[in-house]
Participant: 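Starting off with a structure, shown below.
When reading the values below, keep in mind they use all heavy atoms of this one structure, side chains included, and skip hydrogens, waters and symmetry mates. Below, chain A is the first sequence line, B the second, and so on; all start at residue 1.
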Amino acid sequence: MKLLIRPFLILWLTVVFLTELLKSAWKVFIEVMTPGLSATPRMVAMPLDAKTDGGITTTANMITLTPGTLTVDVSDDRQYLLIHAMWGAEGTEAVNADMKHNLERVVMRALE
Amino acid sequence: MEPSLAIVVGILVGGGAYLMMSANLIRFLFGLTLVSNAVNLAIFTAGRMTYGAPSLVPPGGKTVAEGAANALPQALILTAIVIGFGLLAFTLSLVLRAYVTFGTANSAEIREAEPMPEGRRDDSGKG
Amino acid sequence: MNSLILNTAARLMVPVLVIFSLLVLWRGHNDPGGGFIGGLLAATSLALYEKAAGLERTERMLRIPPLAISAVGLACALASAVWGAIAKGYVLAGVWPLLTVGPGGEKEGLPVGSILLFDLGVFLVVVGGVSAMLFALEEAAVPAHQDEQDDIEGKD
Amino acid sequence: MTQTDTGTMPAAAKEGETAGSPQPGIGRALLFAPSLVAALAFVWFLTFLPAIGRGEVFTLVYPWIPALGIEFAFLLDGLGLIFALLVTGIGALIFLYAAGYFLGDPRAGRIITLLFLFAIAMLGLVLADDVVTLFLFWEGTTVTSFLLVGFDYQKAYARRAALQALLVTGMGGLALLGGLILLGDFAGSYRLSEMIAMGPAVSEAAIYGPVLALFLLGAFTKSAQFPFHFWLPGAMAAPTPVSAYLHSATMVKAGVYLLMRMNPALGGTEVWFWVLTIFGATTMLIGSIWALRQTDLKQMLAHTTVMGLGTLVMFIGGGTEKAAIGAALFLVVHALYKAALFLMVGCLDKKAGTREVDDLAGLGRAMPITAWAAALAAFSMAGMIPFVGFLGKEVMYEASFSVITEPVLVAGAAYVANAMMVAVALIVAVGPFHFSAPRSPKPAMDPSWTLWLGPVLLAGLGLVLGVIAPLTGDAVVNPVAASILGRPVDYHLKLWHGVNAALIMSILTFVLGFLFWRTARPIRAGLAGAQASGLISADELYDRVLEGVRATAKAVTGRLQNGVLTSYMRATFAALAIVLWGAIALSGGPRPTPSFDLPLISYATMAIMLIATAAVIITRSRLAAIASLGAIGTSISIIFVLYGAIDVALTQLMIEILVVVFLAIALLRLPRTPERKGFRVGDAGIAAAVGLGVTVVLISVLGTPLDLTLTEFFEENSAPVAFGRNVVNVILVDFRALDTLGEIAVIVIAAIGAVAALKAGRQAAAKTTTTMEPGE
Amino acid sequence: MLEGVLDILGAVLLVAGGAFCFSAAVGLYRLPDVFMRMHASTKAGTLGLMFIVIAFALTQPALDVVIKAILVSVFMIITAPIGSHLVGRAAFRTGQPMWHRTILDEETRRFQPPGGLEIVHLGDDGEPLPDDPGRILAASSSAGEAPADR
Amino acid sequence: MLLAAPILLPLATAILCFLLRRYRFHRILSQLSALALIVLGIVILLEAIEGPVTAQMGGWAAPFGITLAGDVLSGIMVTITGLAAFTALTYATVEVDTATEQLGFHALAQSMVGGVCGAFLTGDLFNLYVWFEVMLISSFGLLVIGGGRAQIDGAVKYVALNLVGTLAFLSGVGLLYGTAGTLNMADLGVKLAGRMDETAVLGAAGLLMFAFAAKAALFPVFFWLPASYHTPAFATSALFSALLTKVGVYALLRVFTLVFEVDNPVVSGALIGAAAITIALGALGAAAQDDIRRVFSFHIVSQIGVMTLGLALATPLALAGAVFYFLHHIPAMMGMFLLGGIVAREAGSERLDRIGGLWSAGPWLGVLFLIPMLSLIGIPPLSGFWAKFFMIRASFEDGAFLLGGLILVASLLTFLYLGRVFVAAFWQPYPGPAEEAPAATAPPLQLLLPVMVLAGVTLAISFQAGTLFDLAALSATQLGDSAPYVSQVLRQQP
Amino acid sequence: MSTLGATLSGPLAWGAAIAGLFVIAGIFVTLYRVIVGPTLADRVVGLDLLSMLLTALLVLFALAVEVSAYLDAALALSLVSFLATVAFARYLERRQDVEAGRQEIRREHGDA
Ligand code: NA
Ligand code: NA
């Protein structure tokens, strides 16, 4: 069953991802092309649910290409991602929740 | 004809030559890279390359389309690039080796084969 | 580097790239590509793998020492030269045993012959030579205690 | 002057005394074989005397390099014959003497072999009739002389003397070679006889000056003429038989031979007369004065040899028939008594234990044969009647008067020299043997027959030839003089001419000679004082010249080859700039006016390259430099794409990034760029000249039309014949596959070399790095 | 007709792609520290390049063009974040300067090297702050020199 | 196949040497290959006496495909290359240790030989560049392999300076292609006839002259040679002395007779100037040295000047003299280097003030030493005399009395410095402790055999000077009049 | 002077030209970062973007002159530039460790 729907999940993942990428680039565009800096950077450690190499890698990559966040590192125990967020003013939880909701779940559904 | 390329070649050669005259072997390597590139570009320029299409015969065709790039200098440059890479890679290894051996990458301090006239002489050094 | 992310990606990408480089070698007689470009592509991929997985694992994966690969490549090219000399009377002449040319110049069969052997030789030489230099540089440039440190950190 | 151990011969150095295992029987017999061979050759040459006396000439020619007219050619005439007789005759005696002298010495075989080889070379020299043949044997004598002088190679002075003789005579040999080639090319023939046959035509030619200078340099060095006379006393480092043979009788006469031989072609001019007279007279006087300075009998004889050679040269310069006769006669006279005296001194050295004149006295009774030989030779030397030396002196004075230009000068010089010979004869023959109680370092006795036979025969021959003066004149002297003059000679040698000017001069000579003998000690002391007061001798001059050459060589080389890579690179690039700008300055042809019409993307790419180039030079960050290099390489590959060179672009791109990667790896280990020592203006000037030169030449290239025949051939044949549609690839692997073969060989070899360099480096580092893991 | 539409669509994509590319460069220039600069280069750069490639594939829809376009896009999507991850990780581990307004969560401690590290803070002008209180992340007393590659 | 064999055979040997694990096989293969090369060279020589022979690579007609061309000169050079390789590699079997062999010594040596043969046989300018590079990179490898400190220092200078030459060569080829549209040397000669005064042509000629001069070690680009030749193994030094500079002079000879016009006053003036200064500086340099191999190195430089003079004068005799000089110099110089190796091995040093006592240990070695030494000094009838004689005569005939004189003066310095070496090595008492003094035991046969072979060859050349001069003259004729070569290369069939 | 030397015309040519101008401008801005730094990481990020922009330029050119073969170069560039980034990142990370090793070598050779 999972095998059958997996292609669709991957396709969904792609769609989600491309939309996120577009949003993310747009945010950067606005940030740098308008005067002043609105950024409130924050480095956070995000707990990982994905366990496989592929899952972690995909998650990490997608986090980078989506708005405001950038994967810096994976912890040696594979439990955390080190993430640099451009707009982290609302706090760690907000950043994490956004990413978890948008991406990691989709990735895990598609790949794990 | 592309005189602007000729000027670029001259500047690259000049810059590379300046670096190659440096005592710092790393800068020498940089200069070597520059001059190698410049020479390839010189052949390219001398080969009267024109702004145009690649020298490919279309499938089923007999010869290349009109205005295709001159293929011969391309082949020559390709050969030269690869040879230049071999030389550069070897030279790089040598510089590294010289550093491991002498503890310096300054050619002025590498004085074993031709020691200072009045300076110390290493007895054991002869290989 | 011991990056999980890089490792995973490299494991995925490198085989694809190597196959792609062979494709570039094959089609090089008719399209951009050929032994050099294919070889460089493969060498670049190996370099990438080396960066991701480390020298030792890369050497183990290759099995044959890279210098031997490049020597075999040169041997292929020489063999092609002699093949041409024997079959056509001219050193390095193109021999196409599987190709027949019709009266109108149309070609049938596989474009496999001495020229492809030569190009394969070029490919192998480039792959082997570049990798050999890369590995040797890597080995020489990274002092021993570095490797040690890698081992402490490393669980690739 | 203080003796140092740098190689000046100690005054009383011993020679040939190394004890060794005795020769085995056959070896001992073999030692005497050369003597026999030489004796047979002597006899064979004697048979030519009548024919030569009649004016006949014998030739022997083998082709050698026909394309250049070089032959292995010999000619036997009067001059050649007398030299051949001296070489073989004295040779036979000296080989015999040497065999005895070195009996039981393991080096006997070597010295006799070398002496024999020398004899062959000398014989060839005097008989050669071809430029190359002559030079071959000329250099043969130089080399054998080198080896013979350096026979006692353990001694520093012997090594020095050998090298000195090699250099001085080597220099002359090279000059002679130059002269021979010049003259040969002028004459259109390399046959000496044909050159000589040209006669005065040579001295009227433009090349006469250089040819003369070169020949004289050759002759003067070989025959120890001032200022090259110093090597001969040094060469006395050789064992006595060698000195007797090479350095009195034969080799040193090679220069004299050359002058005699070339006289018809080169002589007869003012310059010839003056040069030979002045140098000959100077040599003669220097030789005679310094002969008195010596206490070592061998050294004394060596200096009188210098004097004798000067005399010969002076008379060759004289140019008249009498002068030629005088030279010819004195040649024979000198060879006979001087060889005899040398051998006699060798006997003294061996049997009385020293050659120091002050340590020898009253040995006449203990060594009667030696004493007699000494006396006979000395009589001839002093010019006693009826010895051949008397004839020599008479003719010499006659010749002096006959000289057209400066008879007083010549006669005066001859007078002093002859008086000195009398004095030396007295010192050598009287001092050690007579009028005093016996005194010698070891108990003296006559040597075995092999040692005394030579001196006795040679000295005796001096008497015989004097007695049979007319025969000596007709058979020996006249043919030689004829060769010197290049025309037949009609002169009748007589023992007694009656009382004439020459006889009076002879008597006055004895008086002066006797005075010299009696005052020898004070003269010696005075000379020693002069020497000590810093008068520079030619020998010291030689040292200074040699030091000067070495110092110049070291200075020049040290400046150029200074071991500093940057200075080499600077010179190399400067040379490149000169080549480029030289070519530009000295050429013409199309110089197009540049036009600039390209899309923005081209100029943008070029601008990237220029900015990055500046960055590589200026930046102190190595990573920025590497990154800039990467940017340059990538930009070049974009340019390749813009112009349709996709294959090249792909290759360039990947190679460039590989270079960047390699550099990044290497920089992990390599040290930081040290602070730049400012802008190197000179280097920048050179670099700019090179770069601009390349641009100018490149633009000139662009001004010529390009012939695209090759490219069209490739394009048309690529698909239909070579079965490939990518023309560039087909060129690489088919049309020009040999280039590619070499190129991939370069990659393989570069990889082998790089791995070898780095692996070995790692091994080398492993030896010193303490933090290395075991088993690495 | 379709071709005309595609051409216009392509032109729009091209201009947008170019603009994104340019914005990435501007971001690299304007943003104050390396981490923030990576945001710009990674996201805007990747999308800009993708737009241009897609425009190519739309306007010259030959099979090989489409394949190459997809390859380039996929490749960019895979490699760009990996590159920024590697550079970011190195930058973080070697204590590269960071904008002074950056907040560091406590949990990021686990990503620091065992010896801890000291981070230089950059002011709004991009220059290191003169009297930086320092947000030292872990015990590390040695006052190292500025790691700027000068 | 005949003309390609001297290139393919060493390369194949190199591969085999590299792939084979047994080092004994390396040696045997290496030596056999070198012997085969001698045979190939002689065959080419014999065929070329009738006139140049050519082969078109890939069957593509000239000037489209690459031409290999063998004339008398290339035949001679291939033969000597074989001889040089055989002797040096035989010597190396003892001198070069297994660890170095393991790193690829024989592969490098063989590929250098292949590159050298390629340079001698190719008729294509770009292909010449390629073989130059093969030779160059192999020599780089040989220089650093198994090296100590001095070797690395020498290698750095050697590599750095040679790279400049190589880049100039490549630019020159590129510019020449851009001017004439062809790369075949015969075709280039035809296309460039009468165009020497164009900036493009003269500039390219200048670059090529610079490059070849750098390879030949002419003033002012000879620094690399004395900086490096004394550092590697003696076998390597000897091989270098035989081949590397000669390829540079060969290229000058070939390219400046076939492609350019050497009688152009600018070209000949530059060559004469460079050659004359090289002769002088080389001889002075040798006189200034205190190490055996450094003396030899500068001697090579000086002799390279003389050979180049042969080209610069460009009369038939001068060209023949230059060719004869090759014949003489390679075996004699190699013999000298290898004997220097034996001397250094026996006496334990290369410094003239630290060696000695060898005559007492065995005069036969001294006699052997005298053969190449006297030949290099130019003592008749040894080969070196003839070489010098031809050159001096050629200078005088051309009215260049000063040049002839210069050769003579340089010869005098040769007396000085080679005489010094001989005296130091053989006559001077051993300066070190007596127990370290050279013993009277003979060196291994593998060391003596090559030296004896080379001495034998020198003697053979000496006594066959007439025959060999005829050969050199024939070669000079072929060089001087390139019409037969050109027509043979460009005849319209592959 | 045209921007790309385009062979095509119409809106696409205009679009390509404008995009070309954007990209070229971006390249020079990025070069500033590569050369000026100030940190090594900045340069590496700059180089990464530089190669991305050069890739874009190549694609634009290929589009403008309608030669799809040139896309190969873009593909290759994206591959090798990734390799360069990886190498530089490693250089960044290792440099400091290596600095320690170098001290050792200097000590051995007794000079700084
Ligand atoms: Na993100
Ligand atoms: Na990238």
Participant: So F:Phe401 and D:Leu182, do their side chains get closer than 4.5 Å, heavy atoms only?
Facilitator: yes
Participant: Measuring heavy-atom distances to chain F, does D:Leu177 have an atom under 4.5 Å in its side chain, in its backbone, in both, or in neither?
Facilitator: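 When you check distances to chain F, only side chain atoms of D:Leu177 fall under 4.5 Å.
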Participant: Counting only heavy atoms closer than 4.5 Å, note whether F:Ile152 contacts chain D via side chain, backbone, both or neither.
Facilitator: neither
Participant: In terms of heavy-atom proximity below 4.5 Å to chain F, should D:Ala555 be classed as side chain, backbone, both, or neither?
Facilitator: neither
Participant: Can you sort out the partners of D:Arg550 under salt bridge (Lys or Arg N to Asp or Glu O under 4.0 Å), two or more places apart, ordered by chain and number?
Facilitator: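 In terms of salt bridge (Lys or Arg N to Asp or Glu O under 4.0 Å), with neighbours along the sequence ignored, D:Arg550 is linked to F:Asp290.
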Participant: Please rank F:Ile379, F:Ile145, F:Thr467 by heavy-atom pairs under 4.5 Å with chain D and give me the top one.
Facilitator: F:Ile379
Participant: Given that the side chain runs from C-beta out, which part of D:Pro63 has a heavy atom under 4.5 Å from chain F: side chain, backbone, both or neither?
Facilitator: neither
Participant: Heavy-atom cut-off 4.5 Å, strictly under: side chain, backbone, both or neither for F:Gln102 against chain D?
Facilitator: neither
Participant: Under 4.5 Å between any side-chain heavy atoms of F:Phe140 and D:Ile749, yes or no?
Facilitator: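 No; the side chains remain at least 4.5 Å from each other.
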Participant: So what's closer than 4.5 Å to chain D heavy atoms on F:Trp359: side chain, backbone, both or neither?
Facilitator: both
Participant: Go through the atoms of F:Val134 and report whether side chain, backbone, both or neither lie under 4.5 Å from a heavy atom of chain D.
Facilitator: both
Participant: Top residue by heavy-atom pair count (under 4.5 Å) with chain F, among D:Glu139, D:Arg159, D:Met171?
Facilitator: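 Ranked by heavy-atom pairs under 4.5 Å with chain F, first place is D:Arg159.
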Participant: Given a strict heavy-atom distance threshold of 4.5 Å, which part of D:Val556 is in contact with chain F: side chain, backbone, both, or neither?
Facilitator: side chain
Participant: So which part of D:Thr740 gets closer than 4.5 Å to some heavy atom of chain F, the side chain, the backbone, both or neither?
Facilitator: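 Looking at D:Thr740, nothing touches chain F.
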Participant: For F:Leu143, is it the side chain, the backbone, both, or neither that has a heavy atom closer than 4.5 Å to a heavy atom of chain D?
Facilitator: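 No part of F:Leu143 comes within 4.5 Å of chain D.
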Participant: With only heavy atoms counted, which part of F:Asp470 is less than 4.5 Å from chain D, the side chain, the backbone, both or neither?
Facilitator: side chain
Participant: With a 4.5 Å limit on heavy-atom distance, are the side chains of F:Thr179 and D:Leu706 in contact?
Facilitator: no
Participant: Given side chains that start at C-beta, do those of D:Ile65 and F:Phe390 come closer than 4.5 Å, heavy atoms only?
Facilitator: yes
Participant: I would like to know whether F:Leu175 and D:Val694 meet side chain to side chain contact (heavy atoms under 4.5 Å, CB included); could you show each step before the answer?
Facilitator: CA-CA 10 Å; F:Leu175 296 181; D:Val694 169; 6.0 Å; no
Participant: Side chain, backbone, both or neither: which part of F:Ala473 has a non-hydrogen atom closer than 4.5 Å to chain D?
Facilitator: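 Nothing of F:Ala473, per the 4.5 Å heavy-atom cut-off to chain D.
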Participant: Would a 4.5 Å heavy-atom cut-off, applied to side chains only, mark D:Asp739 and F:Trp131 as touching?
Facilitator: no
Participant: Under 4.5 Å from any heavy atom of chain D, what part of F:Leu136 do you find: side chain, backbone, both or neither?
Facilitator: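 Neither the backbone nor the side chain of F:Leu136 comes within 4.5 Å of chain D.
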Participant: For D:Phe146, is it the side chain, the backbone, both or neither that has a heavy atom under 4.5 Å from a heavy atom of chain F?
Facilitator: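 Both the backbone and the side chain of D:Phe146 come within 4.5 Å of chain F.
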Participant: For each of F:Ser138, F:Ala205, F:Gly58, F:Gly104, tally heavy-atom pairs with chain D at distances under 4.5 Å, and name the one with the top tally.
Facilitator: F:Ser138
Participant: Quick check against the 3.5 Å criterion: does D:Lys554 have a side-chain atom that pairs as donor or acceptor with the backbone of F:Ala288?
Facilitator: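 Yes, the answer is positive, given that a donor and an acceptor are paired below the 3.5 Å cut-off.
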Participant: If you measure from CD on D:Glu743 to CD on F:Glu133, what distance do you get to the nearest 0.5 Å?
Facilitator: 10.5 Å
Participant: Quick one: of D:Tyr568, D:Phe573, D:Trp138, who has the most non-hydrogen atom pairs under 4.5 Å with chain F?
Facilitator: D:Tyr568
Participant: Top residue by heavy-atom pair count (under 4.5 Å) with chain F, among D:Leu698, D:Leu546, D:Thr133, D:Leu560?
Facilitator: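 If we count pairs closer than 4.5 Å to chain F, D:Leu560 comes out on top.
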Participant: So what's closer than 4.5 Å to chain F heavy atoms on D:Leu166: side chain, backbone, both or neither?
Facilitator: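 Both backbone and side chain.
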Participant: For side chain to side chain contact (heavy atoms under 4.5 Å, CB included), just list the numbers for D:Ile70 and F:Phe389, CA-CA rounded to whole Å, side-chain angles, deciding distance to a tenth of an Å, and then say yes or no.
Facilitator: CA-CA 11 Å; D:Ile70 294 165; F:Phe389 175 81; 3.2 Å; yes
Participant: Hey, does F:Ser297 have a side-chain heavy atom less than 4.5 Å from the side chain of D:Gln561?
Facilitator: no
Participant: Measure D:Tyr190 against the heavy atoms of chain F and call it side chain, backbone, both or neither at under 4.5 Å.
Facilitator: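 Side chain only.
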Participant: Between F:Glu198 and D:Thr704, is any pair of side-chain heavy atoms under 4.5 Å apart?
Facilitator: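 Of all side-chain heavy-atom pairs linking D:Thr704 with F:Glu198, at least one is under 4.5 Å.
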Participant: Below 4.5 Å, heavy-atom pairs only: which of F:Ile7, F:Asp153, F:Leu183 has the largest tally toward chain D?
Facilitator: F:Leu183
Participant: For D:Tyr153 and F:Trp427, take the angle between the two ring planes, folded into 0 to 90°, and tell me which bin it lands in: parallel under 30, tilted 30 to 60, perpendicular over 60.
Facilitator: parallel
Participant: Heavy-atom distances under 4.5 Å only: say whether F:Ile377 touches chain D with side chain, backbone, both or neither.
Facilitator: neither
Participant: Only pairs of heavy atoms separated by less than 4.5 Å count here; which of D:Leu580, D:Thr572, D:Val579, D:Val697 has the most with chain F?
Facilitator: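 That would be D:Thr572.
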Participant: The test is side chain to side chain contact (heavy atoms under 4.5 Å, CB included); show your working for D:Thr709 and F:Thr182 and say whether it passes.
Facilitator: CA-CA 8 Å; D:Thr709 320; F:Thr182 185; over 6 Å; no
Participant: Chain D heavy atoms under 4.5 Å from F:Phe415: which part of the residue, side chain, backbone, both or neither?
Facilitator: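 Both backbone and side chain of F:Phe415 come within 4.5 Å of chain D.
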Participant: Name the region of D:Ser587, side chain, backbone, both or neither, that has any atom closer than 4.5 Å to a heavy atom of chain F.
Facilitator: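 Contact with chain F is through both the backbone and side chain of D:Ser587.
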Participant: Quick check on F:Phe298 against chain D: is it the side chain, the backbone, both or neither that has a heavy atom closer than 4.5 Å?
Facilitator: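 When you check distances to chain D, only side chain atoms of F:Phe298 fall under 4.5 Å.
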Participant: So, does F:Arg393 use its side chain to make a donor-acceptor pair with the main chain of D:Leu68 at under 3.5 Å?
Facilitator: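 Here the side-chain-to-backbone pair exists.
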Participant: Please classify the contact between F:Arg420 and chain D as side chain, backbone, both or neither, with a heavy-atom cut-off of under 4.5 Å.
Facilitator: both
Participant: Quick check: do F:Asp197 and D:Leu586 have side-chain heavy atoms less than 4.5 Å from each other?
Facilitator: no
Participant: Under a 4.5 Å heavy-atom cutoff, which of F:Gly114, F:Gly285, F:Ser395 has the most pairs with chain D?
Facilitator: F:Gly285
Participant: With chain F as the partner, which of D:Ala575, D:Ala67, D:Gly150, D:Ala750 has the greatest number of non-hydrogen pairs under 4.5 Å?
Facilitator: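 Of the options given, most contacts go to D:Gly150.
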Participant: Is it the backbone or the side chain of F:Ile66 that comes under 4.5 Å from a heavy atom of chain D, or both, or neither?
Facilitator: both
Participant: Counting heavy-atom pairs closer than 4.5 Å to chain F, which one of D:Ala745, D:Ala583, D:Pro705 comes out on top?
Facilitator: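 The residue among D:Ala745, D:Ala583, D:Pro705 with the greatest pair count is D:Ala583.
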Participant: How far apart are the C-alpha atoms of F:Glu397 and D:Ile181, what are their side-chain angles, what is the distance that settles it, and do they pass the side chain to side chain contact (heavy atoms under 4.5 Å, CB included) test?
Facilitator: CA-CA 9 Å; F:Glu397 279 182 1; D:Ile181 297 176; over 6 Å; no
Participant: When you check the side-chain N and O atoms of F:Trp60 and D:Asn717, is any donor under 3.5 Å from an acceptor?
Facilitator: no
Participant: For F:Leu142, is it the side chain, the backbone, both, or neither that has a heavy atom closer than 4.5 Å to a heavy atom of chain D?
Facilitator: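 For F:Leu142, there is no contact with chain D at all, as no heavy atom is under 4.5 Å.
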